[in-house]
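Proteins come first, then strands; the chains are lettered A, B, ... in the order of their sequence lines, and each starts at number 1. Since this is a predicted model, take the numbers as computed values, not measurements.
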Amino acid sequence: MPFPKPDPDRLIYLIERVALGDQQAFEELYVASSPNLYGVLLRILRRPEWAQEALQDCFLKVWQRSETYLPERGPALTWLLTLARYRALDLLRERQAEPQIQVELSKAEQDSPLHFVSPELPGAAWLSHREESNRLSDCMEQLRPEEKQALLLVYYEGYTHLELAQLLGVPLGTVKSRVRRGLARLRECLRGEIR
Amino acid sequence: MNYHNPKLHKALAAEYVVGTLRGPARRRFERVLESEPSVRAEVYFWELCFSEMTEAVPPVSPPSEAWTYLRSRMPAARPAMATQAPRRALWAKSRRAASATRLRRRSLRILVGMATAATLVLGIRFAQSPTWPVEPESRSFGTEAALASTEQPEPAPMFVTLLRVPTSNLQWLVSLSPDQRQINVVAAGDYPRLGQRKMLLWLISPNSDEAVPLGELPNRSGASVDIKVPRALYRHANSGFELAVSLEPEESTPHDLPDGPIVTWARNLTTQRDNGI
């Protein structure tokens with residue numbers, strides 16, 4: 001189901017109202033932006049119960065600290081999504097020691113006909129938006145393939161250096177330098193384009 | 001650590017935003033953020049840059065109970081910030097006509113200007129990668145890329161997608177060999193006991209409903225498999241296609257369509273012929 005993109009000005013207005021303690025504005029803000037935040041949280045955390053918890057944490061922070069949003073820093077949705085990403089990363093760190101739940105497909109799932117259970121996946125999702133070419137994706141295209149891969153996986157998937165090294169089967173130092181070099185190249189490219 | 005080193009704070013700010021700065025180092029950096037405006041500016045710069053990627057993630061409706069739980073966790077009232085709101089209201093009013101894109105670009109300019117300039121001199125290579133193979137015969141080995149750089153890019157696998165089984169850490173990293181003839185799949189995560197079953201990778205064309213079995217996937221963390229790129233894939237490459245993973249009986253022979261359930265898929269994979277190397 002397509003979601004309407006939240007109106008940037010309306011979001012700013014709602015955040016201003018929330019800063020004044022307006023609960024109705026808070027609810028409207030939640031309705032307008034929570035699907036965007038939940039999509040990102042699910043992408044990084046993978047577990048719906050964690051994503052829900054992180055979503056609540058984010059909106060609690062918005063309720064308590066909405067005055068920390070400064071419009072001159074960028075669009076309100078960017079601020080909200082940044083809050084969500086950071087909360088997801090913190091939650092991952094907190095839960096890292098916990099055992100992972102293994103997949104056990106139920107009998108019903110095994111017997112079901114062709115059934116697609118997963119929405120678009122990160123790489124595909126991002127790549128599908130390439131046609132709406134923007135500055136970042138243009139610059140990403142100028143990275144070496146292994147640098148682009150590393151950045152997509154750490155940003156979209158929340159991988160640590162170590163996890164990425166294990167996934168790719170390369171030394172930890174190689175992964176670190178791919179991320180570092182990729183970011184440095186990206187920065188140079190972005191600086192060049194916005195001048 | 002010397003956080004006044006501009007090169008260091010640029011590097012740390014970027015790693016903070018993409019999320020590779022973790023644990024105590026992240027906490028230390030957050031303390032620095034509170035006291036160093038130039039570091040904050042650098043962080044804002046990266047947050048804005050990457051926001052385009054975050055906003056590209058498809059929205060998903062949270063369950064309705066999420067709101068109920070949120071309300072139950074909320075304090076009855078919050079302290080009103082009367083001193084902050086009017087300033088923001090005035091600012092917002094003055095920019096009603098500005099689009100979000102213009103706002104983002106303007107913010108970026110401001111932030112770049114604020115950030116201390118310790119220019120990194122880097123030889124940027126312009127190596128582009130297609131997201132899916134163009135037929136090897138039709139490839140042109142571009143001289144433009146070679147002219148754009150004096151450094152020859154080393155051949156590297158091209159990232160295609162990450163197939164992940166929801167609510168688990170079971171996943172396969174799919175990449176394409178530099179010569180675009182082999183698909184490499186690397187498994188990661190904790191595997192369930194599959195019993196007398198196996199995981200099969202499929203190429204699916206959403207336009208023609210054609211499904212082509214590509215091969216059995218590795219089911220042990222760290223194991224990998226190379227699959228020859230079938231000609232069928234080149235045929236569908238321009239129109240967009242999907243990859244899917246199905247769970248099949250061990251002894252089954254793949255036919256036209258998966259018999260078992262699809263446990264995960266990736267869609268919107270396309271050929272970027274213009275970017276062909």
Ionic contact status for B:Arg27 with A:Asp90, cut-off 4.0 Å: yes

Atom pair CE (A:Met140) and SG (B:Cys49), whose distance is rounded to the nearest 0.5 Å: 11.5 Å

Heavy-atom side-chain proximity of A:Leu190 to B:Trp46 below 4.5 angstrom: yes

Spacing of B:Glu55 atom CD and A:Thr78 atom OG1 [to the nearest 0.5 Å]: 4.5 Å

B:Ala11 versus chain A, the contacting section by heavy-atom distance below 4.5 Å: neither

Proximity breakdown for A:Leu60 and chain B, heavy-atom pairs closer than 4.5 Å: both

Smallest separation among heavy atoms of B:Val60 and A:Gly39, with atom names: CG2-CA, 3.9 Å

From A:Tyr159 atom OH to B:Arg22 atom CZ, the distance as rounded to the nearest 0.5 Å: 11.5 Å

Structural part of A:Leu167 lying under 4.5 Å from a heavy atom of chain B: both

B:Tyr16-A:Tyr86 aromatic ring centre distance below 6.0 Å: yes

Any donor-acceptor N/O pair, A:Tyr155 side chain to B:Phe50 backbone, under 3.5 Å: yes

A:Gln23/B:Arg71 under side chain to side chain donor-acceptor pair (under 3.5 Å): CA gap, chis, key distance, verdict: CA-CA 10 Å; A:Gln23 295 198 14; B:Arg71 289 303 305 261; 3.0 Å; yes

Side-chain heavy-atom pair B:Pro63, A:Gln52 within 4.5 angstrom cut-off: yes

Carboxylate-amine/guanidinium proximity below 4.0 Å for B:Glu42 and A:Arg187: yes

Engaged part of A:Gln166 at the chain B interface, taking heavy atoms whose separation is under 4.5 Å: neither

Heavy-atom neighbours of B:Glu65 CD exceed 12 at 6.0 Å: yes

Parallel, tilted or perpendicular, as decided by the 30° and 60° cut-offs, for the rings of B:Trp67 and A:Tyr30: tilted

Expected output: side-chain A:Arg85 to main-chain B:Glu47 donor-acceptor under 3.5 Å: no

Exercise: identify the closest heavy-atom pair between B:Pro58 and A:Arg43: CD-NH2, 3.1 Å

Minimum heavy-atom distance B:Pro62-A:Ser34, with the two atoms named: CG-OG, 3.6 Å

Nearest non-hydrogen partners of A:Leu183 and B:Ala14, listed with the distance: CD1-CB, 3.7 Å

Side chain / backbone / both / neither for B:Val43 at chain A, heavy atoms under 4.5 Å: side chain

Intermediate values then yes/no, side chain to side chain contact (heavy atoms under 4.5 Å, CB included), B:Thr20 and A:Arg180: CA-CA 10 Å; B:Thr20 45; A:Arg180 198 176 306 127; over 6 Å; no

Distance in Å, A:Lys176 NZ paired with B:Glu15 CD, rounded so as to fall on 0.5 Å steps: 8.5 Å

Residue pair B:Thr54 / A:Asn36, side-chain heavy-atom distance below 4.5 Å: no

